[in-house]
Amino acid sequence: QVHLVESGGGSVQAGGSLRLSCAASGFGYKSNCMGWFRQAPGKEREAVANFYGGGGSTAYADSVKGRFTISRDNAKNTVYLQMNTLKPEDTAMYYCVAAALGRPCWYPLAAHEYSYWGQGTQVTVSS
């Protein structure tokens with residue numbers, strides 16, 4: 001069983017920063033295919049940032065390019081999302097995602113292609 005545990009969400013004023021963390025645990029589990037999605041009330045779920053291409057490439061939503069950075073610590077099996085210059089429209093529940101063991105990601109995976117989802121961490125940005 002693989003578990004993804006997110007942390008780092010909270011409330012911040014516009015222009016502020018937050019850093020989300022996602023620790024993956026599970027016997028023998030490692031994956032290069034991890035990332036972040038978000039969903040705001042009344043809106044569709046969207047991909048925020050993801051690793052692909054064996055983990056060496058990153059993809060970002062246009063709305064967060066230049067402000068968010070995804071990174072990882074392979075030794076800790078942890079993925080991070082550094083969020084700077086936050087805007088009220090970034091307010092959402094953020095979910096860490098990971099692909100099944102051995103599943104390749106030669107392109108940024110869609111939501112349904114990820115096997116594991118964290119419980120979510122709320123990010124609220126006030127104006």
Side-chain angles (χ1 to χ4, degrees):
Q1 187 74 10
V2 176
H3 295 282
L4 303 177
V5 180
E6 302 114 330
S7 61
S11 297
V12 65
Q13 289 191 327
S17 298
L18 286 172
R19 188 194 194 204
L20 306 183
S21 299
C22 171
S25 64
F27 183 74
Y29 179 79
K30 283 191 180 294
S31 176
N32 291 321
C33 308
M34 297 183 68
W36 295 91
F37 280 70
R38 69 184 180 186
Q39 187 165 24
K43 294 188 178 180
E44 292 188 358
R45 183 172 51 191
E46 67 170 337
V48 178
N50 291 279
F51 285 107
Y52 69 101
S57 299
T58 55
Y60 294 91
D62 288 342
S63 59
V64 307
K65 284 180 181 176
R67 300 187 298 121
F68 290 12
T69 303
I70 189 172
S71 62
R72 66 195 307 155
D73 183 333
N74 289 328
K76 296 181 179 179
N77 219 12
T78 298
V79 173
Y80 305 96
L81 185 66
Q82 178 67 44
M83 305 185 294
N84 298 329
T85 320
L86 283 161
K87 303 176 181 180
E89 50 264 44
D90 294 318
T91 295
M93 186 71 80
Y94 284 71
Y95 298 93
C96 177
V97 295
L101 183 64
R103 201 240 190 262
C105 53
W106 301 118
Y107 55 88
L109 299 181
H112 71 275
E113 295 177 294
Y114 285 102
S115 296
Y116 306 108
W117 290 69
Q119 80 285 355
T121 185
Q122 178 67 38
V123 172
T124 302
V125 184
S126 58
S127 58

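- Contact annotation: the side chain of C22 never approaches that of T78 to less than 4.5 Å [non-hydrogen atoms, C-beta and beyond].
- A ring-centre distance under 6.0 Å is not found for F68 and W36.
- The minimum heavy-atom distance between P88 and S126, with the atom names listed, is CG-C, 4.5 Å.
- Scanning both residues, S17 and V12, for their nearest heavy atoms gives N-CG2, 4.0 Å.
- Following chains of ILVMFWY side-chain contacts shorter than 4.5 Å, one can reach V97 starting from Y107, so the two form part of one hydrophobic cluster.
- Between atom CG of residue N84 and atom OG1 of residue T69 there is a gap of 6.5 Å, rounded to the nearest 0.5 Å.
- In this structure, OG1 in T124 is found 13.0 Å from CD in Q13, a value given to the nearest 0.5 Å.
- Within 6.0 Å of NZ on K30 lie more than 12 heavy atoms contributed by other residues, nucleotides or ligands.
- Of the residues listed (N50, I70, V48), the one engaging Y60 in a side-chain contact (heavy atoms from CB on, under 4.5 Å) is I70, and it is the only one.
- If you chain together hydrophobic residues whose side chains sit under 4.5 Å apart, Y114 and M34 never meet in one group.
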Does the side-chain hydrogen bond (donor to acceptor under 3.5 Å, both in side chains) test come out yes or no for Y116 and Q1, once each step is laid out? CA-CA 10 Å; Y116 306 108; Q1 187 74 10; over 6 Å; no
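- With R38 as reference, V64 is the one residue of V123, L81, V64 to meet the side-chain contact (heavy atoms from CB on, under 4.5 Å) rule.
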Chi angles and distances behind the salt bridge (Lys or Arg N to Asp or Glu O under 4.0 Å) call for D90, K87: CA-CA 5 Å; D90 294 318; K87 303 176 181 180; over 6 Å; no
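- Here the CG atom belonging to L86 is positioned 13.0 Å from the OG atom belonging to S127, to the nearest 0.5 angstrom.
- Interatomic distance, M93 CE to R45 CZ, rounded to the nearest 0.5 Å: 13.0 Å.
- Side chain of R19 to backbone of Q82: no donor-acceptor contact under 3.5 angstrom is found.
- In this structure, F37 and W117 have tilted ring planes: the angle between them lies in the 30° to 60° band.
- For the pair R72 and Y80, the cation-pi criterion (under 6.0 Å, within 45° of the ring axis) is not fulfilled.
- Remark: L18 CG to Y94 OH distance equals 9.0 Å, nearest 0.5 Å.
- Atoms CZ and OG, on R103 and S31 in that order, are 9.5 Å from each other to the nearest 0.5 Å.
- Remark: the backbone N or O of C96 is paired with a side-chain donor or acceptor of E6 at under 3.5 angstrom.
- Remark: side-chain polar atoms of T85 are not paired, donor with acceptor, to backbone N or O of R67 under 3.5 angstrom.
- For D73 (side chain) and K76 (main-chain N/O), a donor-acceptor pair under 3.5 Å exists by modelled atom type.
- Counting only distance, with no hydrogens or angles, the side chain of T121 and the backbone of G9 share a donor-acceptor pair below 3.5 Å.
- Residues F51 and L109 do not share a hydrophobic cluster, defined by chaining ILVMFWY side chains whose heavy atoms lie under 4.5 Å apart.
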